[in-house]
Structure formats: structure tokens, C-alpha cells
Amino acid sequence: LNGCTSSATTNVIVNSGQVPVVTAAGPFCEAGTNEILYASIAGGTWAGNGIVNAGTGEFSPSQAGAGSHTISYTVSGGCATPGTTTIVVNPMPVVQISTQQSTGCAPFTASIIDESIPSGSVIWNFGDGSSNSNQPDSVTHTFNGAGCYDITVTSTSQAGCSTTTSFPGFICALPNADAQFSVNNPVHGLMNPEFHTFNTSSNASVYSWDFGDGATSNLFNPSHTYTEDAGNYVITLVANNAGNCPDTARLSVTIQEELVYYVPNTFTPDGDEFNNVFAPVFTSGFDPYNYTLTIYNRWGETLFESNDTQYGWDGTYNGELCTAGIYTWTVRFKSSGNDKKNTKTGHIHLLR
């Protein structure tokens, strides 16, 4: 006011009033890697759930967790409101599977149901060396070899988030018993038809025998004697184990009539009541419909032939009684228990 002058100088900083724009990011999967966020104005500070570095804008989806998160970016100076963005973090699928039956006898076909949350596409690995399957919801697979199998499932949600989970020993295909046996002799005669079994089964602990005539046994190596009735019988063995995976073996045995016959060496066709006809005497074991008796003289000439065991040689030829002496006989017949054809030859002494 008195004409005296003085001056002073200062610096004034004018901050921008522009609102920063945050570059959109996401969505992310909860188990995804950390991401760096960006804004239109540098030098600001980041804040919000999941921000692990306020200066660089590093965002961690796993720390944020599933859900929608508001992220703010503030520029120093306070002349403008902070910029914001919303980042969506999608949850990782929780893999769950179930089955109504997890064990069975090999080959075992199992049905496995996907119960993952949230549901989506599924890739199955059955742990048996077979190709992966991408069937959703449920899958049916046959496990051919005995053993327990790890089932590995990769579930991918509609948002693209994938989780792989392994279920050790989830399916077990149990080994089957192997039933095998033999007998001492599959063919016996009517006299004491006893059969001895030799059990060579494996992977079995329980044995059930049926001898085909109503008789049974639970022994390891039973013996069985049939009644003296000729015929064929089927012995059945069911071998089982602790996993209840049985196996069956069968063997046919035969009880046949034994071949019993007698051929006399002398006869006297003299007209009395004794020994007037020569014929082999069959008791059992032959087929009466496959029988031939032939008588030859010393020069090989056929004197007599019969196909009936009840009709023998009376010592005549062309109505005349043959001279006393030695004659040759041949009998051909088939055994009743098989198709074996027998030929027997001998001599008969004709006496007067």
C-alpha cells in the first residue's frame, strides 16, 4: 500500500479428472494361474478380493475363490472416482462317481455314474489299458482280467474348468475258480463199479459233486460206487471260492456189462438128452444182434452158420451126421458196451 513491492512463486500440480478405465479380465477358473490386471492410467493402486499385489495389479483366482469379485483401481490425487471391474471366478468341478455294484466275477461289467458338481463333459480312464471314454453322465465297461482297477475321471464344467480325480481300486473283478478233475478209469464193469476222483481245480475252496445218480459229496476227492446198473453217468463238479465265482466241470463215465462167455470144446450129437448141440454160451457183455457162428471142416469148407445165439450146430451137414473128429469154429460178435468187434476161433471135438 505504500508502494513497496514484493513477490513470491510456487508450483501448482493440476491432477487429471479423468476416470481410469480398467481392462476387462476373466472369467477365470478357481484353480487357474495368477493374472496381471491393466488400467488406462498408470501409477494407480489396486484393491479388492484376490488382489495379491496392489501396485502391479496381480490377481489370484484361488485366493479370491469362486464368485463375482469387484476390483477397484484408484489414481493418486483424488480428482476422479476409482475405476472398477467385476471379475468372475468359476468353481472347479468336484468329481464324484458311484456304482451299484463295485465287485463281480471276471469278466465283470460295471456301470459307473458320474455325479460331479457342476456337471459337464467327462473323460473316463478305466485303469485296464483300454481306450479312454468320453461318455457323459454314466458309462458301462467290462473288466476282463481279475484285479482291482483305479478309475480316473476328468470332469470339465460348461465354463471350461477341469478337475481330474482318481479313485483307487474302485472296481474289482474277482478271479474265477477253475474246476477240473479226472477219474481213475472212465469205464467200469458191473462188478464193483467204483470210481475215484482226482480233483485238480485251482483258485477254489468249496467243492460240490453230483454223480448223476442222486448221490452228492462235498469232499475234495470223493469216491463213489454206483449200483450195478449198466449205463452212462455224468459226474459234475462245481468249484467255488470266497468271491463266489464258481466254475463247473463235467465228465461222463460208463458202467458196462462185462463180456462173459464160454465155448465148449466137445459135444456128442448122439440123440440122447445131453450135449447134442454145439454153441458158445454168452452170459453178458455182447450184442445178440451182431453175432455169427461158423463151423468149418479140416479143408476149410463151411458146414454150418448161424446168427442166432440160441441156434447151434447139431453136427450135421446137408442133413447127414458128420463123422467124429476135430472141427474149427469161428464166432464173430460185437461188445454191448462199445463198438468193438470181436473174432474168436477154436476147435470143437465131435464125439459119437
**Report entry** Side-chain touch Asn203/Asp178, heavy atoms, less than 4.5 angstrom
**Finding:** no
**Report entry** Single-linkage hydrophobic cluster Trp313~Tyr311, side-chain heavy atoms < 4.5 angstrom
**Finding:** yes
Query raised in the report: When clusters are formed by joining ILVMFWY residues with side-chain heavy atoms under 4.5 Å apart, either directly or through shared neighbours, do Val253 and Val238 land in the same one?
Result: no
Query raised in the report: Do you know which two heavy atoms are closest between Gly319 and Thr316, and how far apart they sit?
Result: C-CB, 4.4 Å
**Report entry** Heavy-atom side-chain contact between Asn176 and Asn241 under 4.5 Å
**Finding:** no
Query raised in the report: Any luck finding a side-chain donor-acceptor pair between Asp213 and His224 under 3.5 Å?
Result: yes
Query raised in the report: Do the rings of Phe278 and Phe267 sit parallel, tilted or perpendicular, given the 30° and 60° boundaries?
Result: tilted
Query raised in the report: Do Tyr291 and Leu303 sit in the same hydrophobic cluster, where Ile, Leu, Val, Met, Phe, Trp and Tyr count as joined when their side-chain heavy atoms come under 4.5 Å apart?
Result: yes
Query raised in the report: Is a side-chain donor-acceptor pair under 3.5 Å present for Asn132 with Asn125?
Result: yes
Requested in this report: Please find out if less than 6.0 Å separates the ring center of Phe59 from that of Trp46.
Outcome: no
Query raised in the report: With the 4.5 Å side-chain cut-off for hydrophobic clustering, are Leu350 and Tyr296 part of the same group?
Result: no
Query - Interatomic distance, Ser130 atom OG to Asn144 atom CG [nearest 0.5 angstrom] - result: 9.0 Å
Requested in this report: Check whether the side chains of Gln180 and Ser201 place a donor and an acceptor atom closer than 3.5 Å, and report yes or no.
Outcome: no
Query raised in the report: Given the side-chain rings of Tyr149 and Phe143, with only the six-membered ring counted for Trp, is the space between their centroids under 6.0 Å?
Result: yes
**Report entry** Verdict with reasoning, Ser138 to Asp114, per side-chain hydrogen bond (donor to acceptor under 3.5 Å, both in side chains)
**Finding:** CA-CA 6 Å; Ser138 65; Asp114 172 50; over 6 Å; no
Requested in this report: Please tell me if the side chains of Thr343 and Lys341 come closer than 4.5 Å, counting only heavy atoms from C-beta onward.
Outcome: no
Requested in this report: Go through the side-chain N and O atoms of Asp137 and Gln135 and say whether any donor and acceptor fall under 3.5 Å apart.
Outcome: no
Query raised in the report: Using the benzene-type ring in the case of Trp, are the ring centres of Phe304 and Trp329 under 6.0 Å apart?
Result: no
Report summary line: Here the gap from Ile51 atom CD1 to His69 atom NE2, rounded to the nearest 0.5 Å, amounts to 10.5 Å
Query raised in the report: If you measure only the distance, is there a donor-acceptor pair under 3.5 Å linking the side chains of Asn232 and Ser252?
Result: no
Report task. Answer yes if the side chains of Ser62 and Glu30 hold a donor-acceptor pair under 3.5 Å, and no otherwise. Result -> no
Query - Any Phe181 side-chain heavy atom under 4.5 Å of Leu251 side chain - result: yes
Query raised in the report: Ser116 and Gln96: side-chain hydrogen bond (donor to acceptor under 3.5 Å, both in side chains), yes or no, with the steps?
Result: CA-CA 5 Å; Ser116 299; Gln96 299 175 0; over 6 Å; no
Report task. Could you verify whether a donor N or O on one side chain and an acceptor N or O on the other, from Asp210 and Thr216, lie under 3.5 Å apart? Result -> no
Query raised in the report: Does some side-chain heavy atom of Pro222 sit less than 4.5 Å from a side-chain heavy atom of Trp209?
Result: yes
Query raised in the report: Do the rings of Trp124 and Phe126 sit parallel, tilted or perpendicular, given the 30° and 60° boundaries?
Result: parallel
Requested in this report: Assess the side chains of Ser306 and Asp308: does a donor N or O sit below 3.5 Å from an acceptor N or O?
Outcome: no
Report task. Indicate the ring-plane relationship of Tyr226 and Phe195, choosing parallel, tilted or perpendicular according to the 30° and 60° boundaries. Result -> perpendicular
**Report entry** Heavy-atom pair with the smallest gap, counting every atom of Asn184 and Glu194
**Finding:** ND2-O, 4.1 Å
